[in-house]
Amino acid sequence: MALRLWASSMSNALRLSRSAGAPLQGAVFCRHFAEIVLDGLKYSESHEWVKNEGGVATIGITDHAQGSLGEVVFVELSASEGGTISKGASFGDVESVKATSQIISPVSGEVLELNTKLSENPGLVNSGPYDEGWMIKVKLSDPSEVNSLFGPAEYTKFCEDADAAH
């Protein structure tokens, strides 16, 4: 118990976070940036991630975004299953103890599924932004849109540069 408390204190002091049960393999860590960026995902400038599996994109907000927001207290997904979403359009809001932020779609397509668990448990965005905290699944209308997004190394550099500028 004491070791777990120490580890938690140290990770908070270093601003390190990791989803419960999330594998460290394939994760990129940087002392300055200090958030998890996973291989196999693509990332947008507005801090959403995309996992493309056979033309179906799962979308959520990044660990960097949830860490910047702080404790998420409310998630409203305005997209509807069966509807369409366009790249650059808002599909919901995330409200935290610090701020409310729009969630911007990094791709276009038909909305296949919403993560309805987030309405009852918005903290899933904090505890598992890359797994239980996903937001929507979209059937891509233009799979090439994914290619315009950052890879893990580019996203890490983007965030480091933005953090250094502040």
Side-chain angles (χ1 to χ4, degrees), residues 1 4-5 7-30 33-54 56-83 85 87-107 109-140 146 149-150 152 155-156 158-159 163:
M1 181 66 165
R4 190 177 314 163
L5 182 59
S8 177
S9 297
M10 290 307 296
S11 67
N12 286 338
L14 294 172
R15 295 193 59 222
L16 295 173
S17 62
R18 174 170 96 81
S19 303
L24 289 177
Q25 182 178 11
V28 177
F29 291 93
C30 174
F33 175 53
E35 269 97 23
I36 296 173
V37 177
L38 299 179
D39 287 333
L41 301 181
K42 293 291 201 160
Y43 300 89
S44 70
E45 288 185 10
S46 55
H47 304 286
E48 287 82 18
W49 57 266
V50 175
K51 182 177 185 179
N52 182 9
E53 296 178 297
V56 174
T58 303
I59 303 169
I61 66 169
T62 65
D63 188 52
H64 180 76
Q66 72 80 24
S68 296
L69 284 168
E71 181 185 351
V72 174
V73 295
F74 184 71
V75 175
E76 179 183 24
L77 300 175
S78 56
S80 57
E81 290 181 10
I85 187 95
K87 180 178 180 174
S90 172
F91 65 83
D93 295 298
V94 175
E95 183 178 336
S96 73
V97 294
K98 294 181 181 179
T100 299
S101 296
Q102 286 189 330
I103 313 161
I104 306 299
S105 183
V107 293
E110 177 188 355
V111 178
L112 299 176
E113 187 178 353
L114 304 174
N115 187 351
T116 57
K117 292 179 184 177
L118 296 178
S119 62
E120 293 178 18
N121 192 356
L124 291 173
V125 172
N126 295 118
S127 64
Y130 298 115
D131 43 55
E132 300 100 5
W134 66 272
M135 298 187 173
I136 64 172
K137 293 188 180 188
V138 175
K139 181 178 180 183
L140 296 169
V146 174
L149 300 172
F150 294 126
Y155 179 68
T156 299
F158 171 77
C159 291
D163 288 351

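All heavy atoms count here, side chains included; hydrogens, waters and symmetry mates do not.
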task = Check for a donor-acceptor pair, side chain of Tyr155 on one end and backbone N or O of Leu38 on the other, with a separation under 3.5 Å.
result = no
query = Which residues pass the side chain to side chain contact (heavy atoms under 4.5 Å, CB included) test with Asp93, sequence neighbours left out?
reply = Glu76, Thr100, Gln102
query = Distance from Ser96 atom OG to Phe74 atom CZ, nearest 0.5 Å?
reply = 13.0 Å
ask   = If you take all heavy atoms of Ala57 and Leu140, which pair is closest and at what distance?
value = CB-CD2, 3.8 Å
ask   = If you look at every heavy atom in Ser90 and Ser78, which pair is closest and at what distance?
value = O-OG, 4.3 Å
ask   = What orientation do Trp49 and Tyr130 show, parallel under 30°, tilted 30 to 60°, or perpendicular over 60°?
value = tilted
request  = Let me see the working for Val138 and Phe91 under side-chain contact (heavy atoms from CB on, under 4.5 Å), right down to the final yes or no.
outcome  = CA-CA 11 Å; Val138 175; Phe91 65 83; over 6 Å; no
Val107 and Val146, any side-chain heavy atoms less than 4.5 Å apart = yes
query = Can you tell me if Asp63 uses its side chain to pair, donor with acceptor, with the backbone of Val37 under 3.5 Å?
reply = no
request  = Taking all non-hydrogen atoms of both residues into account, name the closest pair between Trp134 and Thr58 and its distance.
outcome  = CB-CG2, 3.7 Å
task = Would you sort out whether Val73 and Glu95 count as a side-chain contact (heavy atoms from CB on, under 4.5 Å), showing the intermediate values?
result = CA-CA 6 Å; Val73 295; Glu95 183 178 336; 4.1 Å; yes
inquiry  = Taking the side chain as everything from C-beta on, heavy atoms only, tell me whether His47 gets closer than 4.5 Å to Ile61.
reply    = no
request  = Determine the minimum heavy-atom distance between Gly40 and Pro152, stating which atoms define it.
outcome  = N-CG, 4.5 Å
ask   = Which pair of non-hydrogen atoms, one from Leu124 and one from Lys117, has the smallest distance, and what is that distance?
value = CD1-CB, 4.0 Å
query = Which heavy atom of Val111 sits nearest a heavy atom of Ser80, and at what distance?
reply = CB-O, 3.5 Å
task = Test Met135 against every option in Leu114, Leu118, Ile59 by the side chain to side chain contact (heavy atoms under 4.5 Å, CB included) rule and name the one that passes.
result = Leu118
Salt bridge (Lys or Arg N to Asp or Glu O under 4.0 Å) partners of residues 40-54, not counting sequence neighbours, each pair once = Lys51-Glu53
Partners passing side chain to side chain contact (heavy atoms under 4.5 Å, CB included) against Ser101 (at least two apart in sequence or in another chain) = Leu69
query = Do other residues, nucleotides or ligands put more than 12 heavy atoms under 6.0 Å from Lys87 NZ?
reply = yes
Heavy-atom donor-acceptor pair, Asn115 side chain to Glu132 backbone, under 3.5 Å = yes
request  = Enter the distance from Leu112:CG to Lys137:NZ here, rounded to the nearest 0.5 Å.
outcome  = 9.0 Å
key: Short side-chain to backbone donor-acceptor contact, Ser105 and Gly88, under 3.5 Å   = no
